[in-house]
Amino acid sequence: MMQELPSDEEVLAAAKAVDEDLKTYGSSELFEGAKEVGIKHAGSVYRLKITRQGKLILNK
């Protein structure tokens, strides 16, 4: 049975409560329907993936 994930609004509200200075993005904003995005950092490209279980994994 799949567990229902919190909405982006719920995640953003929780992040705001933890650290109001933390720049925060909703996953739907970042992924725009894709399952994987690239992040350029210090000359390398990292891959941020959504797993089948709805978790995030960052790989170099």
Side-chain angles (χ1 to χ4, degrees):
M1 179 162 70
M2 279 200 142
Q3 182 179 356
E4 186 176 327
L5 299 174
S7 69
D8 285 348
E9 292 78 23
E10 292 170 321
V11 172
L12 291 173
K16 211 175 232 186
V18 172
D19 187 351
E20 295 209 4
D21 294 327
L22 180 65
K23 192 170 185 178
T24 306
Y25 300 93
S27 61
S28 61
E29 244 182 305
L30 290 174
F31 288 93
E32 295 180 336
K35 293 290 182 188
E36 184 176 335
V37 295
I39 300 170
K40 291 181 182 179
H41 176 71
S44 296
V45 176
Y46 294 79
R47 293 171 180 265
L48 184 61
K49 302 175 186 181
I50 301 175
T51 68
R52 282 178 269 169
Q53 292 81 26
K55 297 181 181 182
L56 297 175
I57 294 180
L58 181 63
N59 292 323
K60 186 170 182 182

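Values below: every heavy atom of this structure, side chains too, minus hydrogens, waters and symmetry copies. From a predicted model like this one, the values you see are computed outputs, not experimental measurements.
One finds the OG1 atom of T51 at 12.5 Å from the CD atom of E36 (value rounded to the nearest 0.5 Å). Note that CD1 of I50 is 4.0 Å distant from CZ of F31, once rounded to the nearest 0.5 Å. To the nearest 0.5 Å, atom NZ of residue K60 and atom CD1 of residue I39 are 13.5 Å apart.
L58 and V37 fall within a single hydrophobic cluster, where Ile, Leu, Val, Met, Phe, Trp and Tyr are joined by side-chain heavy atoms under 4.5 Å apart, directly or via other members.
With hydrogens and angles disregarded, no donor-acceptor distance shorter than 3.5 Å links the side chain of S28 to the backbone of E32.
Residues K49 and L56 are not in side-chain contact: their nearest non-hydrogen atoms beyond the backbone lie 4.5 Å or more apart.
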